[in-house]
Amino acid sequence: MRAMVLESPGSPLRLVDLPVPVPGPGQVLLRVRACGVCRTDLHVVDGDLKEPKRPIVPGHEIVGEVAELGEGVSRFGPGDRVGVPWLGHTCGRCPYCVSGRENLCDAPGFTGYTIDGGYAEYAVADADYVFPLPAGYSDTEAAPLLCAGLIGFRSYNMVRDAERLGIYGFGAAAHIICQVAAFEGKRVYAFARPGDADAKGFALGLGACWAGDSGESPPEPLDAAIIFAPVGGLVPEALRVLAKGGTVVCAGIHMSDIPAFPYEILWGERQIRSVANLTRADGEDFLKVAPEAGVRTEVTVFPLEQANQALARLRDGKINGAAVLVP
Ligand SMILES: [Zn+2]
Ligand SMILES: [Zn+2]
């Protein structure tokens, strides 16, 4: 099969020919129909995340069709369409797994990082960690739901009672969560890179009530802010626009250093927290909510061989919505 492989971080992916993987007990073999390109893939490729399997096939927003069942799998049948997220496996025994926090598992497997992912014609996945996908989405439209949507939704859930919600970094996750929040009656304030008129117009079209530059003050204080951009300098900026008791959620897996800031902008019971990974329950919830909220995804499709170009466009902030690879 054709696959795009990362041999060493910092170098481009290489198109190689690999044997079609064989599903082990409890696994399914999937024919990949589409795979989203997530910012986390960039962090893997650029070496910000330090411990990838090497070589690794990236990609953790896989939409695939079940091609073969491993021993003991009865949950799916051949031809079923399923989605594979970032959380590929958990131990089931550590204190986090047994307390309903498998997103924090001590011995996890992550798709496209420690387990080969979807930048390929085929992939294997643990059947217990994949999701059936809602029917109203095409393969390429469904792909960004699997990480941008799902981890975005976990971040949103942390502040779902906020009426006035700021979103920093208007990429794939923001474009999905903005729609969910607007559907639920929130006033969404979108913050884009200074001068990025496209991103601001895009946000307004998806239900934001205001769009401005990061660093700008919105017309009213906010109850919460979610930071999707990997930029630590946004944390104090977001704190400065929060009302008392407000929360800043850092949604990304990697962020540049957070600069020192005066205690007074945290005072008033403001909080900063991160969100790590996802649980399978997050996935099940979100894949119900997305169609109910009428979420549409905007995608730019690239052939598999152009994974490096897709990653470069994402790095430069040149993708509205999400990039998706099709083998
Ligand atoms: Zn565990
Ligand atoms: Zn991701």
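Ligands are counted one by one from 1 in listed order, and the atoms in each one are counted from 1 as well.
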Legend entry - Under 2.8 Å from the Zn ion (ligand 2) - protein N/O/S, by chain and number: Cys38 SG, His60 NE2, Cys147 SG
Inset, instruction - With 2.8 Å as the limit, jot down which protein N, O or S atoms are around the Zn ion (ligand 1). - result: Cys91 SG, Cys94 SG, Cys97 SG, Cys105 SG
Inset, instruction - Please determine if Asp106 and Arg93 form a salt bridge, counting it only when a charged side-chain N lies under 4.0 Å from a carboxylate O. - result: no
Counting only pairs under 3.5 Å, give me each side-chain donor-acceptor contact of residues 179-188, with atom names and distances, residues two or more places apart or in other chains.
from, atom 1, to, atom 2, distance (Å)
Gln179, OE1, Arg296, N, 2.8
Gln179, NE2, His175, O, 2.9
Gln179, NE2, Arg296, O, 2.7
Glu184, OE1, Tyr156, OH, 2.5
Glu184, OE1, Arg160, NE, 3.1
Glu184, OE2, Arg160, NH2, 2.6
Lys186, NZ, Arg160, O, 2.5
Lys186, NZ, Ala162, O, 3.4
Arg187, NE, Glu220, OE2, 2.8
Arg187, NH2, Glu220, OE1, 3.1
Arg187, NH2, Glu220, OE2, 3.3

Side chains of residues 237-250: which donor-acceptor pairs under 3.5 Å do they make with residues two or more places apart or in other chains?
from, atom 1, to, atom 2, distance (Å)
Glu237, OE1, Gly215, N, 2.9

Inset, instruction - Just do the ring-ring contact (aromatic ring centres under 6.0 Å, His included) check on Tyr129 and Trp86 with the steps written out, would you? - result: CA-CA 9 Å; Tyr129 293 78; Trp86 170 248; over 10 Å; no
Inset, instruction - Heavy atoms only: give me the nearest Leu304-Ala120 pair and the separation to one decimal. - result: CD1-N, 3.7 Å
Legend entry - Leu278 vs Asn103, side chain to side chain contact (heavy atoms under 4.5 Å, CB included): CA-CA, chis, key distance, verdict: CA-CA 5 Å; Leu278 66 130; Asn103 60 307; 5.5 Å; no
Inset, instruction - Identify the two heavy atoms, one from Pro85 and one from Leu150, that lie closest to each other, and give their separation to 0.1 Å. - result: CB-CD1, 4.5 Å
Inset, instruction - Look at atom CD of Glu163 and say whether more than 12 heavy atoms of other residues, nucleotides or ligands are closer to it than 6.0 Å. - result: no
Legend entry - Ring geometry between Tyr168 and Phe191 (parallel below 30°, tilted from 30 to 60°, perpendicular above 60°): parallel
